[in-house]
Amino acid sequence: MMEIDSAPFWVRVDATKGEYLSALRSQIRTYVDHEEEMGNELDWRHFVERYSEWNHEHLYETVVEEIMIYVREKVDGLSSASQTLQGA
């Protein structure tokens, strides 16, 4: 396997992009879970205000998409759990 530092630029960018996306997703999970526990409405603007490292205009669309994906995953998980309980 090629070392990241000696890899071509586009390979380094892809590797870094994956790391950033993973970190963003982790931060979004924390934000969504906390806001739901507190009974607050989710708002991407509140997310980028609270976590300023993600407050970059070119990331806004990705932030919104990732919040929606995580919320959908949570709803789908609850729906599956509910169906399992009903079938028991």
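Val71 and Val64 fall within a single hydrophobic cluster, where Ile, Leu, Val, Met, Phe, Trp and Tyr are joined by side-chain heavy atoms under 4.5 Å apart, directly or via other members. Linking Ile, Leu, Val, Met, Phe, Trp and Tyr residues whenever their side-chain heavy atoms come within less than 4.5 Å places Val32 and Leu21 in a single cluster. Note on Ile69 and Trp44: separate hydrophobic clusters, where clusters join Ile, Leu, Val, Met, Phe, Trp and Tyr whose side-chain heavy atoms are under 4.5 Å apart, directly or indirectly.
Tyr31 pairs by the ring pair (Phe, Tyr, Trp, His ring centres under 6.0 Å) definition with His46, Phe47, not counting sequence neighbours. Applying the side-chain hydrogen bond (donor to acceptor under 3.5 Å, both in side chains) rule to Glu53 yields no partners; only residues at least two apart in sequence or on another chain are considered.
A donor-acceptor pair is defined here as one N or O able to donate and one able to accept, closer than 3.5 Å; such a pair exists between the side chain of Thr30 and the backbone of Ser26.
Residue pairs satisfying the side-chain hydrogen bond (donor to acceptor under 3.5 Å, both in side chains) criterion with at least one member in residues 56-68, sequence neighbours excluded, are listed as follows: Arg25-Glu66, Asn55-Tyr60. Counting only residues at least two apart or on different chains, the salt bridge (Lys or Arg N to Asp or Glu O under 4.0 Å) pairs with a member in residues 38-52 are Glu35-Arg50, Asp43-Arg45.
Side-chain contact check for Trp54 versus Ile28: every heavy-atom pair is 4.5 Å or farther apart. At least one side-chain heavy atom of Asp33 sits under 4.5 Å from a side-chain heavy atom of Tyr70.
Rounding to the nearest 0.5 angstrom, the gap separating the CZ atom in Arg29 from the CD1 atom in Ile67 is 12.5 Å.
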